[in-house]
Number of protein chains: 2
Amino acid sequence: MNQENFKDQLKEKGLKVTSQRVAVLEVLDLNRGKHLTTEELYELVKAMSPDIGLATVYRTVQLLLDMNLIDRITLDDGSIRYEIAEEKDKLSGHHHHHLICLDCGDIVSFADDLLENLEDNIRKTTGFEVVDHEVKLYGYCRACSEKHL
Amino acid sequence: MNQENFKDQLKEKGLKVTSQRVAVLEVLDLNRGKHLTTEELYELVKAMSPDIGLATVYRTVQLLLDMNLIDRITLDDGSIRYEIAEEKDKLSGHHHHHLICLDCGDIVSFADDLLENLEDNIRKTTGFEVVDHEVKLYGYCRACSEKHL
DNA sequence: TTGACTGCAAAACCTTTGCAAATGG
DNA sequence: CCATTTGCAAAGGTTTTGCAGTCAA
């Protein structure tokens, strides 16, 4: 699974398997679907390794991004969140997409390949070679929709 | 056009038509399709009104966002850019989307309604009420694609 | 006239960096 | 051992805010 894969990748690059790095990845793994900010991640990791510094969390997040083990989501308001990468996304080479509730702020993921046609079309009409896409849908989740009825 | 509409909207709200506000909107209008950062916007406005302060640019951008006269684009790397809103987008209630070149950084807009079906589908399967969507396509523009052949 | 607006500087954020101490292999 | 990593604190970069003076209406 992810954990071992991570350690192996680190060793291959001559990097070290530290308790801090393992803790950060583990928190992200245990919080699948949560889409954490750096600050939230820091707080959760501190519960596990109380002495970790914020700078280490930032450095580890950067490392995990470089290793494609996590994804970054930037919201419309500029806030940035992270989530553990899914195996299937890594294999397909595509990211999944997000539904963002404008009321409660909840973020849920969904898979979609409806944009394949669009990408072909764009290549033909504009010459733009698309290699990745990101879709964000803003609206109201079921719970918030119902709350306001 | 936009300029008069802007002044009228300001007056309606009891806000004032200042030379700084007009200058900021005008620069955005004159740079359609450019997708400016706050800093770029500040530099361009200074050429027109040399005494404007950076804080005023920030405050005016916020005002224009609230009035829906401009759109904000947040890129994957977290950088934020602004562009003047198009009439047709305001009428349709949908934003347009962007092609972002990973090589030269150029951003071009495109219109698309291919996601209507997807939105219906999501509502039926998840109960999530979609009210807006944002699509970013990352890749290589024609010029950059050809450069590397 | 008078409340809204502005420029400036300070403050508030968030993220990165330099460095001496700690630690993994 | 020794290169990498860490925590801390300082520095950087960006955005916001407080305030006294300025300006539109």
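To find a chain, count down the sequence lines: A is the first, B the second, and so on, and within it residues start at 1.
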A.B. asks: Between the main-chain N or O of B/Lys16 and the side-chain N or O of B/Arg21, is there a donor-acceptor pair closer than 3.5 Å?
C.D. replies: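 Present.
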
A.B. asks: Which residue lies toward the 5' end of DNA chain C, A/Ser19 or B/Ala55, if each is placed at its nearest nucleotide?
C.D. replies: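 Final value for this comparison: B/Ala55.
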
A.B. asks: Looking at every strand, decide which applies to B/Arg59 at a 4.0 Å heavy-atom threshold: base, sugar-phosphate, or nothing.
C.D. replies: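 Here B/Arg59 touches the bases of the nucleic acid.
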
A.B. asks: What's the separation between atom OG1 in A/Thr126 and atom CZ in B/Arg142, rounded to the nearest 0.5 Å?
C.D. replies: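 It is 7.0 Å, given to the nearest 0.5 Å.
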
A.B. asks: Considering only heavy atoms and no angle criterion, is a donor-acceptor pair shorter than 3.5 Å present between the side chain of A/Lys16 and the base of D/dA3?
C.D. replies: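 By the distance-only test, yes, there is a pair.
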
A.B. asks: Using modelled atom types only, decide if a donor and an acceptor are shared between the side chain of B/Tyr140 and the backbone of B/Cys104 within a distance under 3.5 Å.
C.D. replies: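 Flag not set: sc B/Tyr140 to bb B/Cys104 has no pair under 3.5 Å.
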
A.B. asks: Expressed in angstrom and rounded to an integer, what is the separation of A/Lys13 atom NZ from D/dA3 atom C1'?
C.D. replies: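 After rounding, the reported distance stands at 18 Å.
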
A.B. asks: Take the protein atom OH of A/Tyr58 and the nucleotide atom P of D/dA9, then report the distance between them rounded to whole Å.
C.D. replies: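 The distance from OH of A/Tyr58 to P of D/dA9 comes to 17 Å, rounded to the nearest Å.
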
A.B. asks: So what does A/Gln20 touch, heavy atoms closer than 4.0 Å: a base, only the sugar-phosphate, or nothing?
C.D. replies: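 Sugar-phosphate: the residue A/Gln20, judged by heavy atoms under 4.0 Å, touches backbone atoms but no base.
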
A.B. asks: Taking for each residue the nucleotide of DNA chain D with the nearest heavy atom, is it B/Glu39 or A/Arg21 whose nucleotide lies nearer the 5' end?
C.D. replies: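 First, find each residue's nearest nucleotide; the 5'-ward one identifies A/Arg21.
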
A.B. asks: Between CG of A/Leu64 and CZ of A/Phe6, what distance do you get to the nearest 0.5 Å?
C.D. replies: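 Between A/Leu64 CG and A/Phe6 CZ, I get 5.0 Å after rounding to 0.5 Å.
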
A.B. asks: Give the rounded distance in Å between these two atoms: CG of A/Leu64 and P of D/dT5.
C.D. replies: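 A/Leu64 atom CG is separated from D/dT5 atom P by 13 Å.
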
A.B. asks: If you assign each of A/Leu54 and B/Ile80 to its closest nucleotide in DNA chain D, which residue comes earlier from the 5' end?
C.D. replies: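 Upstream on the strand: A/Leu54.
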
A.B. asks: Would you say the side-chain atoms of A/Thr125 pair up with the backbone N or O of A/Asn121, donor to acceptor, closer than 3.5 Å?
C.D. replies: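 Checked: pair present.
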
A.B. asks: Could you list by number each residue of residues 42-52 of chain A showing a heavy-atom separation from DNA chain D of less than 4.0 Å, or answer none if no residue does?
C.D. replies: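 Residues of residues 42-52 of chain A under 4.0 Å from DNA chain D: A/Asp51, A/Ile52.
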
A.B. asks: May I ask you to decide whether A/Glu83 forms a salt bridge with A/Arg32, counting only side-chain N to carboxylate O separations under 4.0 Å?
C.D. replies: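 Salt bridge between A/Glu83 and A/Arg32, a charged N being under 4.0 Å from a carboxylate O: no.
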
A.B. asks: Are A/Glu119 and A/His133 close enough that a side-chain donor and a side-chain acceptor fall under 3.5 Å?
C.D. replies: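 Short answer, yes.
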
A.B. asks: Hey, is the side chain of A/Thr18 poking within less than 4.0 Å of OP1 or OP2 on D/dT6, counting only N and O atoms?
C.D. replies: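 Yes.
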
A.B. asks: Could you measure the distance from the NZ atom of B/Lys136 to the CD1 atom of B/Ile107? Nearest 0.5 Å is fine.
C.D. replies: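 B/Lys136 NZ to B/Ile107 CD1: 9.0 Å, rounded to 0.5 Å.
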
A.B. asks: Salt bridge check, B/Glu40 against B/Arg81: does any charged N sit closer than 4.0 Å to a carboxylate O?
C.D. replies: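 So B/Arg81 pairs with B/Glu40 through a salt bridge.
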
A.B. asks: Would you grab the first and last nucleotide of DNA chain C (5' to 3') that comes under 4.0 Å of any non-hydrogen atom in chain A?
C.D. replies: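 That gives a stretch of C/dC14 to C/dG25.
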
